[in-house]
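In what follows, a structure is listed as structure tokens, so that the remarks can point back to it.
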Amino acid sequence: MQKSVIDLSVTPVKTALRIMIAEASMGSMKELAERIGMKETTFRSAVNNGNIRLKDFLKVAQELGYSVVVTKE
């Protein structure tokens with residue numbers, strides 16, 4: 001399986017989440033919100049406004065089979 005790299009310094013979080021959802025063959029944002037224990041409206045609002053909490057982003061990444069890596073430049 002090919003590794004996918006999404007650079008959040010150049011990719012908006014909303015776009016990154018859409019890529020992750022598509023690559024994981026997840027049905028929808030609603031399904032993802034339910035799987036991480038959030039209300040769909042709360043999750044959508046956070047994503048659309050670009051203020052998703054780090055702990056929620058990490059839950060999403062784990063649920064979709066991603067790991068989050070921080071590198072020093």
Point to revise | Residue pair Gly27 / Glu31: nearest heavy atoms and the distance that separates them | key: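 Taking Gly27 first and Glu31 second, the nearest heavy atoms are N-OE1, 3.1 Å.
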Practice item. Measure across Leu8 and Ala16 and return the closest heavy-atom pair with its distance rounded to 0.1 Å. Key: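 Smallest interatomic distance, heavy atoms only, reads CD2-CB, 3.6 Å.
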**Study point:** Sequence neighbours excluded, every pair satisfying side-chain hydrogen bond (donor to acceptor under 3.5 Å, both in side chains) that has a member inside residues 15-27
**Key:**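 Residue pairs passing side-chain hydrogen bond (donor to acceptor under 3.5 Å, both in side chains), neighbours aside: Ser4-Glu23, Glu23-Tyr66.
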Check your understanding: Would you say Leu54 and Ile6 are hydrophobically clustered, going by side-chain heavy atoms of ILVMFWY under 4.5 Å?
Key ->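 Yes, it is one cluster - the side chains of Leu54 and Ile6 are joined through contacts under 4.5 Å.
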Review point. Do Met20 and Leu17 pass the side chain to side chain contact (heavy atoms under 4.5 Å, CB included) test, and can you show the C-alpha distance, the side-chain angles, and the key distance before you say yes or no?
Key: CA-CA 5 Å; Met20 293 164 65; Leu17 288 172; 4.3 Å; yes
Exercise for review: Going by the side chain to side chain contact (heavy atoms under 4.5 Å, CB included) test, name the single residue among Lys39, Met29, Met38, Lys14 that passes it with Arg44.
Suggested key: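 Passing option: Met29.
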Review point. Considering residues, nucleotides and ligands other than Gln62, do more than 12 of their heavy atoms fall under 6.0 Å from its CD?
Key: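 Open: at most 12 neighbouring heavy atoms sit under 6.0 Å from CD of Gln62.
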Practice item. Examine distances only and state if a side-chain atom of Ser45 and a backbone atom of Thr41 form a donor-acceptor pair shorter than 3.5 Å. Key: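 No; zero donor-acceptor contacts below 3.5 Å.
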Point to revise | From CG (Leu64) to CD1 (Ile36), nearest 0.5 Å | key: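 So the CG of Leu64 and the CD1 of Ile36 are separated by 9.0 Å.
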Practice item. Only counting residues at least two apart or in another chain, list the ones meeting salt bridge (charged side-chain N to carboxylate O under 4.0 Å, His left out) with Glu63. Key: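 Counting only residues at least two positions away or on another chain, Glu63 forms a salt bridge (charged side-chain N to carboxylate O under 4.0 Å, His left out) with Arg35.
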